[in-house]
Number of protein chains: 2
Amino acid sequence: MSTSDPERAYHHGELRGALVAAALADLEAGGEAGLSLRAVARACGVSAMAPYRHFADKDALLAAVAERGFDDLGDRLAAADASAEGASALAAQGAAYVAFALARPALFRLMFMGAGGLGAGGRAEGSCADGSCAYRILSERCAALAGPAMSAEDLTLTAWSLVHGLAALILDRRVSVDAAGAEALARRITTGFARLAAGG
Amino acid sequence: MSTSDPERAYHHGELRGALVAAALADLEAGGEAGLSLRAVARACGVSAMAPYRHFADKDALLAAVAERGFDDLGDRLAAADASAEGASALAAQGAAYVAFALARPALFRLMFMGAGGLGAGGRAEGSCADGSCAYRILSERCAALAGPAMSAEDLTLTAWSLVHGLAALILDRRVSVDAAGAEALARRITTGFARLAAGG
DNA sequence: TGCGTTTGATTACGCTGTAAACATAGAGGC
DNA sequence: GCCTCTATGTTTACAGCGTAATCAAACGCA
């Protein structure tokens, strides 16, 4: 045969990457509940068992998707942090964190609550290879801002908890705002907190 | 026949309540992923289709479980709030919120992230009939504490986001502490925030 | 006593994740 | 150019899931 048509090649060539991309697409289209391994395989034009050559099980594929999400989030936080200075940079990071969650809700949920839930142990962290590790970006900014009222570590955790909780509550419709209102709300809350934290 | 043995009665008598209780037990034992409607029915000694006489579908049963959880949470917050005054009462509520999440992780996740996820629309709220509505307890305390730096509404949302995010991050093992450390951490973080909020 | 309504049981369908066994394509050595 | 090895697919099969459709029993009221 030796047809060069990549559509019909027995070996896909880049199945692993294609699976992650297809899973991400299905995830953002229908949430984690509406994501089946078989459907992902189908979307890649491959049999239901093929993914098992690249991932131990469904959760492993989801973990790979989550890891890509963490890399993305790190990039966004780094950009936001670089856009301002001092307490404003902290507020910008917070707004970017919430904006990420709002823009990609299913991915955000997968990253933090997904893959078996209940701290199943197999959680992704992001590669953190290029210095855009989300946690480090936040903690460095907080270290620069911490005053006598609270340690740098506690300030980091407080800030992270605040934006993470705000994002989660908005996503779960616990606080009722539309998309535009949510961004404004996130900016107001994070700015208010940054002012408090900076001792203003 | 007319046997009076309730074990073998054709009609269960209290199937709805029994289903909620069994679902809660299965949920706390194996998380939402490990909870099947058929298993819940089996635990109640009833056929797989029997639950559909009491709940539209699996999500409706989960919503009933979540509602019970919200009532429980409201009770705990009310008790915590009553145990102290001023900023200390706010910190106590926060610690109680995190303690609830740590004590019943699967229920907490179900309440806030469950039943279809991604804001599927069918979220439970708790009955709020006996004045123990969780949100109201928090907002009243915050209204009493709000200063010129931040409105009562924003303070309420900030406080809720903080404890909710902290609970979520601990449950997802994003911050590594053991159970005892988590309680202490929650108390330190909430106390620090309450002091900031009170203008200290 | 008998009938209607409620509540349960049975059966069946398509979907899921995944274990086991088999097939094919490309790479390296002769 | 051919042979073999290994990586990567395919096929088949199974148990479990949620739930639609249909049938059966028991309770409540006339």
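None of the values given here were measured: they were computed from a predicted structure. The figures here come from the full heavy-atom set of this structure, side chains too, leaving out hydrogens, waters and symmetry mates. Numbered from 1 within each chain, the chains take letters A, B, ... in sequence-line order.
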If you restrict it to nitrogen or oxygen atoms, what contacts under 3.5 Å exist between nucleotides 13-17 of chain C and the protein, and what is each distance?
residue, atom, partner, partner atom, Å
dT16(C), OP1, S36(A), OG, 2.9
dT16(C), OP2, R42(A), NH2, 3.1
dG17(C), OP1, L37(A), N, 2.8
dG17(C), OP1, K58(A), NZ, 3.2
dG17(C), OP2, L37(A), N, 3.1
dG17(C), OP2, R38(A), N, 3.2
dG17(C), N7, R38(A), NH1, 2.4
dG17(C), O6, R38(A), NH1, 2.9

**Report entry** Heavy-atom pair of closest approach, residues A22(A) and C44(A)
**Finding:**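 Looking at all heavy atoms of both residues, the shortest contact is CB-SG, 3.9 Å.
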**Report entry** Partner residues of D72(A) under the salt bridge (charged side-chain N to carboxylate O under 4.0 Å, His left out) criterion, sequence neighbours left out
**Finding:**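 D72(A) satisfies salt bridge (charged side-chain N to carboxylate O under 4.0 Å, His left out) with R104(A) once adjacent residues are dropped.
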Report task. Describe the nucleic acid contact of A50(A) in one word from base, sugar-phosphate, nothing, applying a heavy-atom distance below 4.0 Å. Result ->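 Base contact - A50(A) has a heavy atom under 4.0 Å of at least one base atom.
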Requested in this report: Report yes if the side chains of L185(A) and V175(A) come closer than 4.5 Å at any heavy-atom pair, otherwise no.
Outcome: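 A side-chain contact under 4.5 Å exists here.
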Requested in this report: Evaluate the side-chain proximity of W160(B) to R174(A): yes if any heavy-atom separation is below 4.5 Å, no if none is.
Outcome: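 Of all side-chain heavy-atom pairs linking W160(B) with R174(A), at least one is under 4.5 Å.
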**Report entry** Pair E183(B) + R187(B), salt bridge at N-O below 4.0 Å
**Finding:**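 Looking at E183(B) and R187(B), the cut-off is not met.
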Report task. With sequence neighbours excluded, tell me which residues meet side-chain contact (heavy atoms from CB on, under 4.5 Å) with S83(A). Result ->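 With sequence neighbours excluded, S83(A) shows a side-chain contact (heavy atoms from CB on, under 4.5 Å) to A92(A), given in chain and number order.
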**Report entry** Phosphate contact (dG9(D) OP1 or OP2) by H54(A) side-chain N/O below 4.0 Å
**Finding:**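 Yes, H54(A) has a side-chain N/O under 4.0 Å of OP1/OP2 on dG9(D).
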Requested in this report: Identify which nucleotide among dG8(C), dT18(C), dT19(D) has an atom closest to any side-chain atom of M49(B), counting heavy atoms from C-beta outward.
Outcome: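 So the nucleotide nearest the side chain must be dT19(D).
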Query raised in the report: Which nucleotide, dT10(D), dT7(C), dT19(D), lies nearest any side-chain atom of R53(A)?
Result: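 So the nucleotide nearest the side chain must be dT10(D).
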Over how many whole Å does the gap from [X] atom [atom1] to [N] atom [atom2] extend?
| X | N | atom1 | atom2 | answer |
| --- | --- | --- | --- | --- |
| L15(A) | dA25(C) | CG | C1' | 14 Å |
| F55(B) | dT7(C) | CZ | P | 12 Å |
| E32(B) | dG18(D) | CD | P | 11 Å |

